[in-house]
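In what follows, a single structure is set out as structure tokens and then discussed.
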Amino acid sequence: MRFGLCCIFIEEPIRFRTTTAKALAGLPRPEQYARLSDICCENARSLLRAVQTVHSLGIGAFRVTTPFFPRYTHPEVGYTLEELPGGEEIRSLLAEVAQLRSRLNIRLSFHPDQFVSISSLRDEVVRKSLAELEYQGLVAELIGADVITIHAGGRQGGKEATLQRFQANFPLLSERVRSRLALENDDISYTVKDLLPVCEQLDIPLVYDVHHHRCNPDGLTVEEATRHAMATWRCHGREPWVHISSRRNSWGEGNPRLHADYIDPDDFPGCWQGLELTIDVEAKAKELAVRRLMLVLGLS
DNA sequence: GCATGTCAAGTTGTG
DNA sequence: CACAACTTGACATGC
């Protein structure tokens, strides 16, 4: 078993910067490039330190923040690495990341949020989502990330029709993205049961989120869902990836979908013990939560 | 210097 | 039909 940290650190002094389209819009183009170049360069350095740091904490995976190259696909202020004054330096830093993560055996991943929806009814949304995935695919290739996890989308026109659109639009992605794409069950619409046939058709793996499964059950037990999801990875000789989190309030106050600071050990599926799995820990206390879970499970 | 507001995104649900 | 809510942390702004 390896455990994964998601996007940021709470105690370790590693931060990822970003900026907004609005803040950039007022600047002349060269100044936009200069500012973006600074941020991307700093983020590349931070990622290098992040890989070193998770390794020293005994953590085996790291999810890269979505705005790693902020506003990269934005219609007005978007850019390419070649346009940035520090473009070459950034590329070489990312190559260092790839080398280090390979040497330390750290898995890297991306997880664009719900706004990336290639099954949308709106062409414009699909177009922007494809562009966003291509951006993440580019960075994934440069740093050696092997998974980009997304959700199936909303329910416009019904779940079946939405999944059909997902499958119809999938071939529009480059091989770079398709070979990394994985589908994750969500907490309101698409369950493991819904997604398994899609994953099979498209020959892509399923990321099993046990918390979403508990919010949005489908008749499968945790053990069954785990087994089915794992098979979608194993058939390609890849290590399966799963997510775990705990709801913020055990008594259902407030929004049950909010993540808690730490993982309640009771939420950890007993059947996961000893499996060859990468387990992303989605908890607000970040690396502290990963460490505590490992400690409770007797793994550190 | 700190507190509050803003930004970014798509979908769903409400009024 | 229009718009708020959802989510989240860093940026940006104002006092």
Side-chain angles (χ1 to χ4, degrees), chain A residues 5-27 31-32 34-36 38-43 45-47 50 62-79 110-136 148-159 161-163 165-166 169 183-190 194 209 211-212 215-216 243 245-249 253-261 280-289:
Chain A
L5 172 65
C6 300
C7 303
I8 56 175
F9 294 80
I10 191 167
E11 209 165 66
E12 298 290 332
I14 297 172
R15 298 288 176 270
F16 293 94
R17 296 178 57 199
T18 186
T19 186
T20 62
K22 193 165 186 172
L24 292 167
L27 304 173
E31 283 178 41
Q32 291 182 358
R35 182 159 177 71
L36 287 161
D38 275 354
I39 294 174
C40 292
C41 213
E42 216 173 298
N43 285 351
R45 285 207 179 82
S46 294
L47 183 57
F62 184 70
R63 182 188 299 173
V64 182
T65 177
T66 293
F68 183 70
F69 290 166
R71 311 285 84 84
Y72 188 87
T73 63
H74 192 277
E76 273 93 46
V77 299
Y79 54 98
F110 284 86
H111 189 19
D113 31 29
Q114 307 274 2
F115 310 119
V116 168
S117 179
I118 67 165
S119 61
S120 175
L121 270 177
R122 297 166 52 201
D123 286 345
E124 180 67 7
V125 172
V126 173
R127 200 184 53 73
K128 288 198 290 193
S129 297
L130 294 170
E132 186 67 16
L133 287 170
E134 292 301 335
Y135 144 64
Q136 304 211 4
I148 301 171
T149 306
I150 59 171
H151 293 286
R155 293 182 302 263
Q156 300 166 329
K159 281 165 68 169
T162 303
L163 292 177
R165 291 195 299 274
F166 188 97
N169 289 334
L183 265 173
E184 179 190 345
N185 62 303
D186 64 68
D187 51 1
I188 51 169
S189 304
Y190 297 93
D194 294 326
D209 187 310
H211 177 59
H212 290 165
C215 293
N216 184 23
H243 293 174
S245 55
S246 287
R247 65 185 71 230
R248 187 176 291 179
N249 294 297
E253 301 163 60
N255 189 338
R257 287 153 61 189
L258 292 179
H259 289 162
D261 291 346
D280 268 357
V281 176
E282 298 177 324
K284 294 183 80 71
K286 297 296 164 185
E287 78 272 22
L288 304 183

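To find a chain, count down the sequence lines: A is the first, B the second, and so on, and within it residues start at 1.
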Query raised in the report: What pairs with A:Phe62 under ring pair (Phe, Tyr, Trp, His ring centres under 6.0 Å), at least two apart in sequence or on another chain?
Result: A:Phe9
**Report entry** Short side-chain to backbone donor-acceptor contact, A:Asn169 and A:Ile118, under 3.5 Å
**Finding:** yes
Report task. Please state how far atom NE2 in A:His259 lies from atom P in C:dT7, giving the value in whole angstrom units. Result -> 10 Å
Requested in this report: Check whether any side-chain N or O of A:Arg63 sits under 3.5 Å from a backbone N or O of A:Cys6 as a donor-acceptor pair, and report yes or no.
Outcome: no
Report task. Can you tell me the distance, in whole Å, between the CD1 atom of A:Ile39 and the P atom of C:dG9? Result -> 18 Å
Query raised in the report: Which whole-number value in Å describes the distance from A:Phe68 CZ to C:dG9 C1'?
Result: 17 Å
Requested in this report: Give me the bend of the helix from B:dG1-C:dC15 to B:dG15-C:dC1, using the axes of the five pairs at each end, rounded to 10°.
Outcome: 70°
Query raised in the report: So, A:Arg45 and A:Glu42, do they make that salt bridge, N to O below 4.0 Å?
Result: no
Query raised in the report: How many Å lie between CZ on A:Phe69 and C1' on C:dA10, as a whole number?
Result: 18 Å
Report task. Return yes if some donor-acceptor pair links the side-chain N/O of A:His259 with the main-chain N/O of A:Ser245 below 3.5 Å, else return no. Result -> no
Query raised in the report: Can you tell me if A:Asp186 uses its side chain to pair, donor with acceptor, with the backbone of A:His212 under 3.5 Å?
Result: no
**Report entry** Sugar-phosphate only, base, or nothing, as touched by A:Lys284 at under 4.0 Å among non-hydrogen atoms
**Finding:** sugar-phosphate
Query - Nucleic acid footprint by protein, nucleotides 6-15 of chain B - heavy-atom cut-off 4.0 Å, B for base, S for sugar-phosphate alone - result: -SSBBSSS--
Query raised in the report: Is a side-chain donor or acceptor of A:Asp209 paired with a backbone partner of A:Asn185 at a separation under 3.5 angstrom?
Result: no
**Report entry** Value in whole Å for how far the P atom of C:dT7 lies from CD1 of A:Ile8
**Finding:** 16 Å
Report task. Give the minimum heavy-atom separation between A:Thr66 and A:Tyr135, together with the two atoms involved. Result -> O-OH, 2.8 Å
